[in-house]
Amino acid sequence: ACGHTTTKVGHVITFNKMFENTGGLFNMVKDRFPGTDNYCSGCAVEGPCGGQCHVTREVASNSAGERRQKLFSDMCNFYREITKALTVDYIRANVNFIDK
């Protein structure tokens, strides 16, 4: 999925198998579709966020109790706030286009 993750989604020898409906990459993407993760359900940025960066999830899953929840919550808040800031920035940059 990215060069920083330790999750295996396939192997170079069987490269095409990771895209099959039983493959690792296919399953990882499928599990991130909106409505498939109870933790993300109802979040304002659930679709575009895709359940956070996979590395964040790896780190959180290897953390204990409260630390796990805090890490995940902090990243959720970060994603929501950065999405809001980018949206406002985009609207401001395109206000002349919208007014026409």
Is any side-chain heavy atom of [X] less than 4.5 Å from a side-chain heavy atom of [Y]?
X	Y	value
Gln52	Phe72	yes
Thr87	Tyr90	no
Cys53	Tyr79	yes
Asp31	Asp37	no
Arg32	His54	yes
Ser73	Phe78	no

One should read off an interatomic distance between Met28 CE and Lys8 NZ, to the nearest 0.5 angstrom, of 14.5 Å

Interatomic distance, CE@Met18 vs CG@Asn16, rounded to 0.5 Å, equals 8.0 Å

Indicate, with yes or no, if [Y] and [X] share a hydrophobic cluster defined by side-chain heavy-atom contacts under 4.5 Å among Ile, Leu, Val, Met, Phe, Trp and Tyr.
X	Y	result
Tyr39	Met75	no
Leu86	Ile91	no
Val88	Val95	no
Val55	Leu71	yes
Phe19	Phe33	yes

Review point. Could Glu20 and Lys17 be called an ion pair, given the rule that one side-chain N must be under 4.0 Å from one carboxylate O?
Key: no

Inset, instruction - Please confirm whether the backbone N or O of Gly35 pairs with a side-chain atom of Glu46, one donor and one acceptor, at under 3.5 Å? - result: yes

| request: Check for a donor-acceptor pair, side chain of Asp89 on one end and backbone N or O of Ala85 on the other, with a separation under 3.5 Å. | output: no

Heavy-atom closest pair (Thr22 atom, Asn27 atom, distance to 0.1 Å) is O-ND2, 3.4 Å

Nearest heavy-atom approach of Gly47 to Pro34 is CA-CG, 3.6 Å

Legend entry - Residue Arg80 excluded, over 12 heavy atoms near CZ under 6.0 Å: yes

